[in-house]
Amino acid sequence: MNCTQIENLIPLYIEGDVEPGRAEAVRTHLQSCRRCSLLVAEYEESQGWLRSYTPPDFSDALFDDLRDSVRREIARESQRPSLFQRLGLAWRWGPVLTASVALLLICGGLAIYLRVGKGKDDSKFVVITPPNPKVSPSPPNAEENNQAGGSQQRVLPRPQDRPDKAARRRPPVAIQPKAEQLAEQPRTIQPEAATQPEVEGTTAAGAATAPDMLRIEIQTSAPNIRIIWLAPKEAKAPSSRTGADAE
Amino acid sequence: MPGEVAEIALMTDKLRRGEGAAESSPPLARLIERARAGDATAFDQILMLHQRRVMATAWRLLGNEDEARDAAQEVFLRVYKHLNKYDPAQDFGGWLYRITVNVCRDLGRKRGRREQVLSFEEESERMGELASPENIEAAAIRSQQQAIIARALATLSEKERAAIVLRDLEGLATEEVARLLGSSQTTVRSQISSARAKIKLYRDRFLKRGRSGITP
């Protein structure tokens with residue numbers, strides 16, 4: 001082994017922390033290397049210096065105080081109720097606590113249900129409109145409505161098309177039952193502009209309604225959704241009809 | 001029973017004189033058994049038997065009497081709480097050492113948060129104050145020397161300090177130190193080697209700054 005290797009082993013060698021084989025190699029090296037022998041001597045001095053780090057003679061008063069404080073802490077610990085005891089203590093208030101929590105849950109659930117339910121009513125509906133493009137003025141998105149398959153019923157809207165909250169909260173416009181005389185295509189249904197003003201739509205559609213048909217328009221809280229109900233004049237008009245009912 | 005009390009009193013007296021607790025193993029086992037059954041007097045006797053050793057180890061690890069006292073109190077509280085978990089087949093002294101090292105480490109960390117532990121280089125800078133000729137003279141005084149060694153130990157990492165204190169100051173075997181610290185023997189040897197080299201370097205620098213041949 002060379003000096004560098006021996007130097008690395010010396011901190012362990014001086015206290016006998018090197019395996020016997022290596023220790024023998026270090027011993028052999030030290031016999032012939034004055035520099036490494038000097039290093040060993042320095043390390044031994046340093047270790048002697050470190051060993052002089054002995055604790056002071058602690059007074060008996062310190063130990064008496066230590067024992068007293070340990071006893072006090074133990075007494076305090078044993079007096080302190082355990083977690084289970086604390087839970088048991090809390091359980092006395094259990095019925096009141098449980099009732100309060102249950103009440104809160106019920107109220108919260110009800111509030112959420114009503115809010116969600118209202119939104120559903122506003123967002124699901126059926127639009128039945130006369131299909132006559134000649135009579136009814138075509139709104140900008142009428143073509144899109146036609147492309148929806150020309151079906152008479154459409155379920156709207158997609159999430160991005162939903163009216164804003166303020167619009168949903170707006171109370172629905174009063175039902176406007178109108179008996180309009182329609183000259184042609186008495187029972188046909190035409191896509192109508194979602195954004196079309198109510199008066200315009202009513203007038204235009206009214207002109208196209210058959211004379212024996214009763215036309216009822218219901219404006220929902222959403223400004224672009226209107227339910228138009230066509231029924232034979234003899235039939236009794238429903239007093240009210242929501243989108244959900246129509247569906 | 002009176003014989004046992006006399007035996008314990010004798011052991012306590014021996015410990016007060018600084019003698020080891022190894023001889024006291026048979027009655028210690030009985031004391032532990034009784035303490036586990038809730039006998040406060042038995043626990044008190046255990047405390048009496050080990051208080052000096054715990055204080056000394058804590059002092060060496062923390063370098064401060066007040067903190068060592070706080071550490072010793074915490075050690076015995078943990079012993080009390082966890083005595084039921086102690087396996088009588090294992091060495092009680094070793095178990096106690098482990099708790100002591102853990103408590104001192106926790107306290108050292110708390111202290112470390114309060115005041116930044118000096119790095120080796122920073123400490124070397126401050127060494128100039130201690131190494132002035134007047135102070136070198138004063139360093140001959142034991143307390144001053146203790147303070148210097150405490151500073152030297154403070155430059156070590158937490159693990160190096162624990163390893164060197166247990167191995168070189170408490171005189172435990174490397175295997176036992178490794179077991180207590182939960183490390184391999186190789187790791188502990190490496191930590192001890194590094195710690196001894198750093199202590200030597202610190203001492204060399206101190207001597208050099210003193211500009212005299214006075215042994216620190």
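In what follows, every chain begins at residue 1, and chains take the letters A, B, ... in the order their sequences are listed.
Counting heavy-atom pairs under 4.5 Å between each of E74(B), Q185(B), E65(B) and chain A puts E65(B) at the top.
Side-chain atoms of R67(A) do not come within 3.5 Å of backbone N or O of L47(B) as any donor-acceptor pair. H50(B) places a side-chain N or O within 3.5 Å of a backbone atom of I46(B) that can act as its donor or acceptor partner.
If you measure heavy-atom distances from D65(A) to chain B, the contacts under 4.5 Å come from both the backbone and the side chain. For I149(B), the parts lying under 4.5 angstrom from a heavy atom of chain A are both the backbone and the side chain. S193(B) touches chain A through backbone and side chain together, each having a heavy atom under 4.5 Å away. Residue contact with chain A, scored on non-hydrogen atoms closer than 4.5 Å, involves the backbone and the side chain of A150(B) alike. The parts of E45(A) that come within reach of chain B are both its backbone and its side chain, each placing non-hydrogen atoms under 4.5 angstrom from that chain.
Scanning residues 10-23 of chain A against chain B with a 4.5 Å heavy-atom cutoff picks out P11(A), L12(A), I14(A), E15(A), D17(A), ordered by number.
The 12-atom threshold is not exceeded at CD of E33(B), counting heavy atoms of other residues, nucleotides or ligands nearer than 6.0 Å.
Under the 30°/60° scheme for interplanar angles, the aromatic rings of W95(B) and Y86(B) are found to be tilted.
With no hydrogens or angles considered, no side-chain donor-acceptor pair links R60(B) and T54(A) at under 3.5 Å. When only modelled atom types and interatomic distance are considered, Q31(A) and R27(A) share no side-chain donor-acceptor pair under 3.5 Å. At a cut-off of 3.5 Å, with distance as the only test, no side-chain donor of T220(A) or R226(A) sits close to an acceptor on the other residue.
Annotation: cation-pi pair R53(B)/Y97(B) present, NZ/CZ under 6.0 Å from the ring centroid and within 45° of its normal.
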S184(B) and T187(B): side chain to side chain donor-acceptor pair (under 3.5 Å), yes or no, with the steps? CA-CA 5 Å; S184(B) 69; T187(B) 307; 2.7 Å; yes
